[in-house]
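Have a look at the structure below before the remarks.
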Amino acid sequence: MAEIKVKNLHKEFGVGDDRVVALENVNLDIEGHVFVSIVGPSGCGKSTLLNILSGIETASSGTVDITQDSHDANPGYVFQAARLLPWRSVMENLMFVQKERDDEARARCQRYLDMVQLGDKGDKFPGELSGGMQQRVGIARAFSIEPDVLFMDEPFSHLDAITARSLRRELHEMWKQTKKTVLFVTHDVGEAVELSNRILVFAKGGKLEDDITVDLPFPRDPSDDAVAVAKAQVLRKFEELDLLAT
Ligand SMILES: Nc1ncnc2c1ncn2[C@@H]1O[C@H](COP(=O)(O)OP(=O)(O)O)[C@@H](O)[C@H]1O
Ligand SMILES: [Mg+2]
């Protein structure tokens, strides 16, 4: 089980007239096997938050504490684009991030490739795969290091609706089986409601405006009434906060 504690997190870019507040005094506590989505308009600090949590970016002030059971694994990260190494095969892309590149690691990588329906594509190169398949490889790679915490930054936003939908289902299944703590950035409220136990709503200026619990059974079908109602509730919140216009 993992725990993420964020206290008074503040991030500014630039100085003087160029100064931008990306995150303003964010406080957050996330624990255990939960799927947390971060939603909000473009530029409200979602990526900055994930980047600070994962250590890609440093905070201006405030603290981040991440405790994981598997002490030596860093959190996994899935980006908007898969960011695979084009000159390495799919299997080699997964093996590249393993601590020990032994038979056990190879079997583990194969298992995660199977989970994303690419068990037979290990020898292919990224350029031979569709965008959706490449993103699946990126997801398998992040899971294959078996971190307790996984950060995902709009991983499906470049995919067509049908591919995104099937990847959401696979991701949900993997989250359920592997009991990870997932922090998932999206600007798609429907996607957030379909996947999450909890939705954090950010507004311009990097303010955490609301923390919504979505207490519905999984799997969630977007055409179900209860799911549609939950989505409408989040969208109403957006309207109240005047986030829809941006
Ligand atoms: N490296 C950077 N240098 C300067 N400004 C940045 C940088 N990264 C992000 N910003 C600014 O910080 C704000 C938040 O950006 P970001 O976290 O990317 O938002 P989001 O992911 O929600 O779209 C934006 O105003 C953006 O322009
Ligand atoms: Mg972003």
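Read the numbers this way: they start at 1 and go in the same order the structure lists the ligands and their atoms. Values below: every heavy atom of this structure, side chains too, minus hydrogens, waters and symmetry copies.
- Atom 18 (O) of ligand 1 has Ser47 CB, 3.8 Å as its closest protein atom, hydrogens excluded (heavy atom only).
- Ring centers of Trp175 and Phe218: under 6.0 Å apart, within the cut-off.
- At least one heavy atom of Gly45 sits closer than 4.0 Å to an atom of ligand 1.
- Here Asp153 does not pair with Lys46 in a salt bridge; the nearest charged N to carboxylate O distance is not below 4.0 Å.
- Comment: Lys204 does not engage Glu209 in a salt bridge, judged by the lack of any side-chain N to carboxylate O separation of less than 4.0 angstrom.
- Listed by number with element, the atoms of ligand 1 under 4.0 Å from a non-hydrogen atom of Ser42 are 23 (O).
- At least one N/O-N/O distance between Gly43 and ligand 1 falls below 3.5 Å.
- Scanning the protein for heavy atoms near atom 17 (O) of ligand 1, the closest one is Thr48 OG1, 2.5 Å.
- For the pair Pro126 and Gln134, the tightest heavy-atom approach, listed with the atom from each and the gap, is O-NE2, 3.0 Å.
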Residues 229-239 side chain polar contacts: donor-acceptor under 3.5 Å, at least two apart:
from, atom 1, to, atom 2, distance (Å)
Lys237, NZ, Asp210, OD2, 3.3
Lys237, NZ, Glu240, OE1, 3.3

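- Proximity of atom 26 (C) of ligand 1 to the protein is not indicated, since no non-hydrogen protein atom lies closer than 4.0 angstrom.
- In terms of hydrophobic clustering, with Ile, Leu, Val, Met, Phe, Trp and Tyr side chains grouped at heavy-atom distances under 4.5 Å, Ile4 and Phe202 are assigned to a common cluster.
- Sorted by first then second residue, the side chain to side chain donor-acceptor pair (under 3.5 Å) pairs that include residues 49-67, not counting sequence neighbours, are Asn51-Tyr77.
- The Mg ion (ligand 2) has Ser47 OG as protein N, O or S atoms under 2.8 Å away.
- For the pair Asn27 (side chain) and Asn8 (backbone), a donor-acceptor distance under 3.5 Å is present.
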### Task
Please report the C-alpha distance between Glu146 and Arg111 in whole Å, then the side-chain angles of each, then the deciding distance to 0.1 Å, and finally whether the salt bridge (Lys or Arg N to Asp or Glu O under 4.0 Å) criterion is met.
CA-CA 12 Å; Glu146 304 199 320; Arg111 204 164 61 239; 3.5 Å; yes

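- For Val20, every heavy-atom contact with ligand 1 shorter than 4.0 Å involves the side chain, none the backbone.
- Screening residues 15-31 for salt bridge (Lys or Arg N to Asp or Glu O under 4.0 Å) gives Lys5-Asp29, Glu12-Arg19 as the qualifying pairs, with residues at least two apart or on separate chains.
- At distances below 3.5 Å, at least one donor-acceptor pair connects side-chain atoms of Thr181 with backbone N or O atoms of Gly32.
- Of the polar atoms of Phe13, none of the N or O atoms is found under 3.5 Å from an N or O of ligand 1, judged by distance alone.
- Within a 4.0 Å radius of atom 5 (N) of ligand 1, the protein contributes one or more non-hydrogen atoms.
- Note: no N/O pair closer than 3.5 Å links Glu57 and ligand 1 by distance alone.
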